Amino acid sequence: MISILSKFISRVFNSLLRGKRKLKIGIYGPPNGGKTTIANRICKDWLGQEMGKVSAIAHETREIQIKENITVKSGKKELEFNLIDTPGIATKIDYEDFMKHGMKEKEAKKRAKEATKGVIESIKWLDNMDVVIVILDATKDPYSQVNITIIGNLAARKIPVLIGANKIDLKKANIKKVKNAFPQYPVVGLSAKYGNNIDEFYEALFDVAR
Amino acid sequence: MLTIEFIPYHEIEKLSSLGRIKRLLKTAKENKIVLLEGRLTKEEEAELIKTTMEEINDEFKGIELEVIDPSKVRGGPMIKLKNNILDMLLGNRTGLTIVGPASVVKAIKKDPTKIQFYTRDVKKKKKR
C-alpha cells in the first residue's frame, strides 16, 4: 500500500516538475540486445523513418542518438516523447573481439575506444531520463550483473522501467526467465526485428509512462 | 598463476565511493581477482563500470563483475525474512563482490549453490 502510494506521489511530483517539457524515454541494455532495432521499429511505426544502423557486431551504436517529437497513439490515448537510443553498457571491451569479425587492428581499436566512450555517455545520461525501456536478449541469461546494475540504478533514481524481452522469434528465447529475474517490473516479450507483440509493447509503454 | 585477493569490508568502509572503486580497479589491473566482503551501492557499481571504461587500453580490457546479494537469494519466506533482517542490520556489509580482470576471467557464473570462474588460457594467448 505504502509502495503504491509512494509511486503515485512520485509520478504526480515528476509530472509537475516536467511541466510542458517533453518526456524523455531512454532505451538501455547490454550490447546486441536489440536497442537500436526497437528504436528503429518505434521511429518507423510513428515517424516513418529509421533511427540508426544495426549490426551483428557488438557496439554498433557508440553515441547517444535522439529522435524528437514522437507521438504514439492507441485508441484515444496519445503519448508524446523524445526517444533516446543509448550505446550498450558493458564491463569489458576488447578490440580483438572486433578483429574476429574481420576488422583491421586500427579500425578495431578505434571502435573499442569509441565504444568505451559510449558506455560512459550511457551511464551519464541515466539522470536525464523520465522513463526507460530496458531491452534484454531473451535468449541469454537475464541475471547478468550488467542487467542488475542498470535496473538497480534506475530503481535508485525512481525512474519507471519497462523491460522488453527481445528476440522472441528465436527458439531459445525464454520470457519466463526474464520475468522471474525481475518480478517487480513489467516485462513484455517481443521481436523488435519482426514486430511480434509490438502492440502489447506499446500498451505497456503507455502504462509505464502515464 | 591465478591470484585471488580478499578485501575485508572494514578496509573499504571508510573510503569514499571513488576510493573504493580505485581500490578495486587497482587490484584488478594487477591481474588479480578481487573478492570484496560486502557490496557496493548500485550507483557505485555504475561508477565502477564508468571508471573501468576510462581506463581501458590495449593491455587492460575491462572487468568481469559479479555481486552476491543475500537479500535477493531465492528461497522460502523464512529465508527471505532472515536475509532481509540481516540486510537491514548490516546493509552493504552482507554479500560478496567479485571483480576479475577480463584478460584473466572470461566469465563468472553464479547459481544458488555455487560460483564458477571461467578463466582464459593466458599461456596460449602469449604464444600466438
Side-chain angles (χ1 to χ4, degrees), chain A residues 28 30-31 58-59 62 86-100 105-106 108-127 140-159 161 177 180-184, chain B residues 17 21 24-25 28-29 34 36 39-69 71-74 80 92 95-112 115-116 118 120 124-125 128:
Chain A
Y28 274 82
H59 300 285
R62 300 184 293 282
T86 66
I89 295 181
T91 57
K92 58 181 177 186
I93 295 171
D94 186 348
Y95 73 90
E96 287 179 67
D97 289 340
F98 301 137
M99 288 169 71
K100 287 174 195 159
E105 190 175 330
K106 199 179 166 190
K109 282 184 177 174
K110 185 175 171 264
R111 189 183 178 97
K113 189 77 202 156
E114 288 170 358
T116 59
K117 286 182 182 164
V119 175
I120 295 168
E121 282 304 301
S122 291
I123 294 172
K124 280 184 185 167
W125 269 73
L126 274 171
D127 288 316
K140 292 195 175 155
D141 178 17
Y143 293 95
S144 88
Q145 194 55 45
V146 164
N147 297 347
I148 294 167
T149 301
I150 295 171
I151 292 171
N153 269 274
L154 294 167
R157 290 165 170 83
K158 297 191 170 30
I159 298 170
V161 173
K177 206 172 173 188
N180 286 341
F182 304 104
Q184 62 276 56
Chain B
S17 290
I21 289 159
L24 291 174
L25 271 183
K29 285 178 85 175
V34 187
L36 169 71
R39 289 169 285 139
L40 300 173
T41 64
K42 287 294 162 208
E43 288 87 344
E44 285 170 344
E45 278 177 24
E47 241 358 91
L48 174 64
I49 296 175
K50 224 166 89 181
T51 313
T52 301
M53 290 297 124
E54 284 165 356
E55 306 219 353
I56 283 182
N57 54 36
D58 290 359
E59 299 298 314
F60 180 63
K61 309 286 174 67
I63 55 166
E64 276 294 333
L65 171 68
E66 199 60 69
V67 181
I68 314 282
D69 182 350
S71 65
K72 300 283 186 292
V73 168
R74 279 168 284 175
K80 278 191 174 171
N92 287 340
L96 192 69
T97 302
I98 305 151
V99 180
S103 53
V104 176
V105 182
K106 202 171 163 188
I108 304 169
K109 287 190 178 173
K110 67 175 179 195
D111 71 24
I115 301 168
Q116 288 173 302
Y118 293 85
R120 288 181 197 275
K124 203 175 155 188
K125 217 175 170 185
R128 266 196 280 149

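Throughout, a chain's letter reflects where its sequence line sits, starting with A, and its residues are numbered from 1. Note that the coordinates shown come from a computational prediction; the quantities given were computed from them, not determined experimentally.
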K.L.:
Is B:E54 close to chain A through its backbone or its side chain, or both, or neither, when contacts mean heavy atoms under 4.5 Å?
P.N.:
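B:E54 touches chain A through backbone and side-chain heavy atoms alike.
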
K.L.:
Grab the two heavy atoms, one from A:A90 and one from B:M53, that are nearest each other, plus how far apart they are.
P.N.:
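Smallest heavy-atom distance, with atoms named: O-CE, 3.1 Å.
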
K.L.:
Just checking A:K110: does its NZ atom have more than 12 heavy atoms from other residues, nucleotides or ligands closer to it than 6.0 angstrom?
P.N.:
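At most 12 heavy atoms, drawn from other residues, nucleotides or ligands, come within 6.0 Å of this atom.
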
K.L.:
To the nearest 0.5 Å, tell me how far B:K109 NZ sits from A:D141 CG.
P.N.:
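Nearest 0.5 Å value for the NZ-CG distance: 7.5 Å.
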
K.L.:
To the nearest 0.5 Å, what is the distance between CD on A:Q145 and CD1 on B:I98?
P.N.:
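Reported value, rounded in 0.5 Å steps: 9.0 Å.
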
K.L.:
Less than 4.5 Å to any heavy atom of chain A: does that hold for the side chain of B:D58, its backbone, both, or neither?
P.N.:
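B:D58 touches chain A through backbone and side-chain heavy atoms alike.
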
K.L.:
Would you mind checking which part of A:I148 comes under 4.5 Å of any heavy atom in chain B, side chain (CB onward), backbone (N, CA, C, O), both or neither?
P.N.:
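Contact with chain B is through both the backbone and side chain of A:I148.
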
K.L.:
Look at the side chain of B:K42 and the backbone N and O of A:I151, then say whether any donor-acceptor pair between them is shorter than 3.5 Å.
P.N.:
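Judged by distance alone, no pair lies under 3.5 Å.
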
K.L.:
Top residue by heavy-atom pair count (under 4.5 Å) with chain A, among B:I108, B:T51, B:T52, B:L65?
P.N.:
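The option with the most such pairs is B:L65.
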
K.L.:
As an exercise, state the distance from OG1 of A:T149 to CG of B:L40, rounded to the nearest 0.5 Å.
P.N.:
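The distance works out to 9.0 Å.
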
K.L.:
At their closest point, which heavy atom of B:K61 faces which heavy atom of A:Y95, and how far apart are they?
P.N.:
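That would be CE-CE2, 4.2 Å.
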
K.L.:
To the closest 0.5 Å, what do you measure between CG (A:N153) and OG1 (B:T41)?
P.N.:
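The CG atom of A:N153 sits 8.0 Å away from the OG1 atom of B:T41.
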
K.L.:
Please table the atom pairs, donor to acceptor, closer than 3.5 Å between any side-chain atom in residues 116-123 of chain A and protein atoms at least two apart or in another chain.
P.N.:
unit_1	atom_1	unit_2	atom_2	d
A:T116	OG1	A:K113	O	2.6
A:S122	OG	A:P87	O	2.8
A:S122	OG	A:G118	O	3.2

